[in-house]
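A short worksheet on the structure shown next.
Positions are given from 1 along the sequence.
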Amino acid sequence: METRSIFKNISPLDHRYALSEAAVFERLSAILSEEAVIASCAAAEAALVKAHCAIRGTLTDDAVRAIDAAARAVTPDAVYAEEEKTRHNIRALVNVMKRLLDKDIAPLVHLGATSVDILDTALSFRIKKAMQDVVLPELKTLECSLCTIAEREAETPQVGRTHGQHAVPITFGWTIAEFVSRLGKSILQIESLTESLKGKLSGPVGAYNGMSMIVSNPEEVERRYLSFLTLEPSEYSNQLVEPEYVLRLLLELNVAFGIVANLADDLRNLQRSEIGEVSEYFSDTQVGSSTMPHKRNPWNSEHVKSLWKAFAPRVMTFYMDQISEHQRDLTNSASQRFIAEYITGFTMAVSRMANVLAGLQVDAAAMAATLETAGGTVPGGILAEPAYILLGEAGISDGHEIIRRITLECEANGESFFTVLTRHDDVYRTITAQLEKLGVPDAETFFKHPARYRGLAAEKARRLAQHYRARMEGRIADR
């Protein structure tokens with residue numbers, strides 16, 4: 001086989017990212033590379049031979065060993081060389097495999113099958129294996145890291161933000177719990193859709209024409225064939241397996257990709273110089289800028305978002321592959337080959353995000369300092385909401401307007417919300433009385449400490465983290 005430097009490869013997945021995410025690349029390469037494509041098609045042909053032998057009652061241990069050995073001996077070099085003559089990839093593989101088997105078994109290779117019985121089945125087989133062996137474990141590692149941070153930082157006060165503006169207090173654990181919940185649900189959906197992937201052995205139009213010339217129950221042969229590959233038959237197939245099985249899984253991967261990119265973007269923004277509430281790990285040999293030695297750029301988070309930008313638009317191709325004219329054409333033959341790149345790019349982003357979380361440094365002091373003065377031009381103004389709500393609860397219908405005018409006074413005088421609020425004696429006493437009714441301790445100083453107004457942020461952050469950690473660990477244990 002011809003060898004070449006990886007730096008002569010065109011796809012950055014095969015050089016730059018193969019080096020930076022070496023472990024993920026190696027595991028996926030064993031399942032999704034062109035070598036693995038040929039191996040999976042050979043495994044499908046072997047499964048078909050074993051199904052024929054099983055129906056005939058000749059599937060001995062020796063036969064299984066011989067069939068599997070022949071499938072493993074099929075090489076990309078041999079298949080590609082044969083394809084130069086046949087101009088047909090599956091017929092080339094069949095010819096190579098037949099030469100590796102005894103003459104009493106060789107005729108069973110591809111018998112009763114059409115090319116897509118092998119290709120679509122092998123595709124489902126590879127994707128299922130990639131999901132179970134690599135993608136889902138990487139996703140669950142990321143999810144469990146999120147759970148750890150959500151629990152650990154459940155009590156860490158932070159200002160909430162909407163529209164890029166200070167909103168009301170939360171905790172950093174609650175910020176992370178958003179992604180625990182969103183990604184957790186997506187992982188469970190990916191797991192379910194992976195289990196639903198199907199194969200086929202129903203011939204050129206899906207009606208079992210050819211197989212009906214061999215056996216009285218073609219569907220039984222199909223079930224046996226697919227059982228060797230841990231798959232089940234598609235409910236309906238023409239020459240193709242119904243495309244929606246793979247499509248739905250890829251779409252859910254794209255949903256998860258968006259969630260991971262959203263997380264990366266949020267963490268990148270929290271690392272802005274004017275915010276500085278978290279930071280990525282930065283080694284003592286690492287360089288942030290070629291000209292500014294002081295820089296500590298959040299490049300890992302940016303890298304994750306950049307991968308999302310490169311791969312998420314490919315969802316349009318997935319949709320376009322849903323359509324095959326006149327039951328079967330070849331317009332998916334090239335585009336479908338790039339599914340492997342998509343899965344690889346997605347998994348590399350997930351792995352990189354997990355590494356970011358593993359080294360994430362949370363500056364609780366910076367979060368607390370920001371929260372104490374949060375409110376933009378109204379220091380402490382993020383407590384305007386509870387003030388107006390308490391007035392409303394006390395029966396004052398224009399509470400919102402009263403508090404709005406107090407915030408304008410704060411802005412005009414450059415004073416804190418608490419300072420100005422206490423000068424409005426009637427308002428302050430009414431609000432304090434309401435807090436005392438609720439059993440809030442130190443009600444008189446409640447509006448001096450924004451961190452006390454956090455609702456159920458800490459409790460729900462812990463609850464979500466515990467729930468999804470159990471789901472992730474439980475599913476791993478089940479397998």
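- A salt bridge is defined here as a Lys NZ or Arg NE, NH1 or NH2 lying under 4.0 Å from an Asp or Glu carboxylate O, and K200 with E242 fails to meet this definition.
- Remark: E151 CD to R469 CZ distance equals 5.0 Å, nearest 0.5 Å.
- Applying the ring-ring contact (aromatic ring centres under 6.0 Å, His included) rule to pairs touching residues 10-37 yields Y17-H303, sequence neighbours excluded.
- Between the CD1 atom in I55 and the CG atom in L108 there is a gap of 12.0 Å [rounded to 0.5 Å].
- Of the possible donor and acceptor atoms, one in the side chain of S227 sits under 3.5 Å from a partner among the backbone N and O of R224.
- A donor atom on one side chain and an acceptor atom on the other are found under 3.5 Å apart for S202 and S237.
- Side-chain contact between N300 and V304 is absent, with no heavy atoms from C-beta onward closer than 4.5 Å.
- A donor-acceptor pair shorter than 3.5 Å cannot be found between the side chains of S115 and R91.
- Between the side chain of S324 and the main chain of D329, a donor-acceptor pair closer than 3.5 Å is present.
- Nearest heavy atom pair, residue A44 against residue I118, reads CB-CG2, 4.0 Å.
- Two residues are said to be in side-chain contact when any heavy atoms from C-beta on lie closer than 4.5 Å; I382 and L371 meet this criterion.
- Side chain to side chain, N254 and R314 fail the donor-acceptor criterion of an N or O pair below 3.5 Å.
- Atom CE of M97 and atom CD1 of I90 lie 11.5 Å apart (nearest 0.5 Å).
- The nearest pair of heavy atoms linking G345 to L13 is CA-CD2, 4.1 Å.
- Counting only distance, with no hydrogens or angles, the side chain of N238 and the backbone of L240 share a donor-acceptor pair below 3.5 Å.
- Considering only heavy atoms from C-beta on, L197 comes within 4.5 Å of V246 through its side chain.
- Residues in residues 44-56 take part in these salt bridge (Lys or Arg N to Asp or Glu O under 4.0 Å) pairs, two or more places apart or across chains: K50-D68.
- Within the structure, ring-ring contact (aromatic ring centres under 6.0 Å, His included) pairs that include any residue of residues 344-364 comprise F257-F346 (at least two apart or interchain).
- A donor-acceptor pair under 3.5 Å is formed between the side chain of Q271 and the backbone N or O of L267.
- In this structure, S11 OG and I6 CD1 are separated by 11.5 Å, a value rounded to the nearest 0.5 Å.
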- Item | Residue pair L142, F179: steps toward the side chain to side chain contact (heavy atoms under 4.5 Å, CB included) verdict | CA-CA 10 Å; L142 175 57; F179 298 99; over 6 Å; no
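- No side-chain heavy atom of E219 sits under 4.5 Å from any side-chain heavy atom of M211.
- Side chains of W174 and R454 form no contact here, defined as non-hydrogen atoms less than 4.5 Å apart.
- For the 3.5 Å distance criterion, the side chains of Q132 and E195 qualify, holding a donor opposite an acceptor.
- Counting heavy atoms from C-beta outward, R328 and V116 have side chains that approach closer than 4.5 Å.
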Using atom types as modelled, flag every donor-acceptor pair under 3.5 Å from a side chain in residues 306-313 to any protein atom, sequence neighbours excluded.
none

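- Checking side-chain atoms of D120 against main-chain N and O of G199 turns up no donor-acceptor pair under 3.5 Å.
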- Are T347 and E138 close enough, and set up right, to give a side chain to side chain donor-acceptor pair (under 3.5 Å), and what steps lead you there? CA-CA 7 Å; T347 312; E138 289 291 334; over 6 Å; no
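- The 12-atom threshold is exceeded at CZ of R99, counting heavy atoms of other residues, nucleotides or ligands nearer than 6.0 Å.
- Side chain of S40 to main chain of V37: a donor-acceptor pair is present (N/O by atom type, distance under 3.5 Å, no hydrogens or angles).
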- Task: Go through the steps for K305 and E302 under the test salt bridge (charged side-chain N to carboxylate O under 4.0 Å, His left out), then give the verdict.
- Result: CA-CA 5 Å; K305 185 178 180 183; E302 291 172 336; over 6 Å; no
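- By the side-chain contact (heavy atoms from CB on, under 4.5 Å) test, L123 pairs with R126, I127, Q336, sequence neighbours left out.
- A donor-acceptor contact shorter than 3.5 Å links the side chain of S212 to the backbone of N209.
- Side-chain contact check for N9 versus R4: some heavy-atom pair is nearer than 4.5 Å.
- Residues L146 and L263 are in side-chain contact: their nearest non-hydrogen atoms beyond the backbone lie under 4.5 Å apart.
- Smallest separation of non-hydrogen atoms from L250 and Y342: O-OH, 4.2 Å.
- In R223, the CZ atom is crowded: over 12 heavy atoms of neighbouring residues, nucleotides or ligands sit closer than 6.0 Å.
- Counting only distance, with no hydrogens or angles, the side chain of S33 and the backbone of A36 share a donor-acceptor pair below 3.5 Å.
- For N269 (side chain) and D266 (main-chain N/O), no donor-acceptor pair under 3.5 Å exists by modelled atom type.
- Atom OH of Y236 is surrounded by more than 12 heavy atoms from other residues, nucleotides or ligands within 6.0 Å.
- For the residue pair S301 and E280, a side-chain donor N or O sits within less than 3.5 Å of a side-chain acceptor on the partner.
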- Task: Start with the C-alpha distance between Y245 and S124, add both sets of side-chain angles, then the distance that settles side chain to side chain contact (heavy atoms under 4.5 Å, CB included), and finish with yes or no.
- Result: CA-CA 9 Å; Y245 295 112; S124 291; over 6 Å; no
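- Of all heavy-atom pairs spanning A154 and A461, the tightest one is CB-CB, 4.4 Å.
- Of the residues listed (D133, L249, L229, L231), the one engaging K128 in a side chain to side chain contact (heavy atoms under 4.5 Å, CB included) is L231, and it is the only one.
- Rounding to the nearest 0.5 angstrom, the gap separating the CD atom in E277 from the CD atom in Q158 is 5.0 Å.
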- Item | CA sep, side-chain torsions, deciding dist, call: L247, D321, side chain to side chain contact (heavy atoms under 4.5 Å, CB included) | CA-CA 9 Å; L247 174 61; D321 279 347; over 6 Å; no
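- Within 6.0 Å of CD on E83 lie more than 12 heavy atoms contributed by other residues, nucleotides or ligands.
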- Task: List the steps and the verdict of side chain to side chain contact (heavy atoms under 4.5 Å, CB included) for I275 and T370.
- Result: CA-CA 8 Å; I275 297 177; T370 299; 5.9 Å; no
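- Separation of atoms SG (C147) and CG (L357) is listed at 11.0 Å; rounding is to 0.5 Å.
- No donor-acceptor distance shorter than 3.5 angstrom exists from the side chain of R471 to the backbone of H467, with no hydrogens or angles considered.
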Throw together a table of side-chain donor-acceptor distances under 3.5 angstrom for residues 180-188, partners on residues two or more places apart or in other chains.
unit_1, atom_1, unit_2, atom_2, d
S181, OG, K185, NZ, 2.7
R182, NH1, E178, OE2, 2.6
R182, NH1, N262, OD1, 3.0
R182, NH2, N262, OD1, 3.4
K185, NZ, S181, O, 3.2
S186, OG, E252, OE2, 2.7

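- Taking all atoms of both residues into account, the shortest heavy-atom contact from L201 to D117 is CA-OD1, 3.4 Å.
- Smallest separation of non-hydrogen atoms from L464 and A177: CD1-CB, 4.0 Å.
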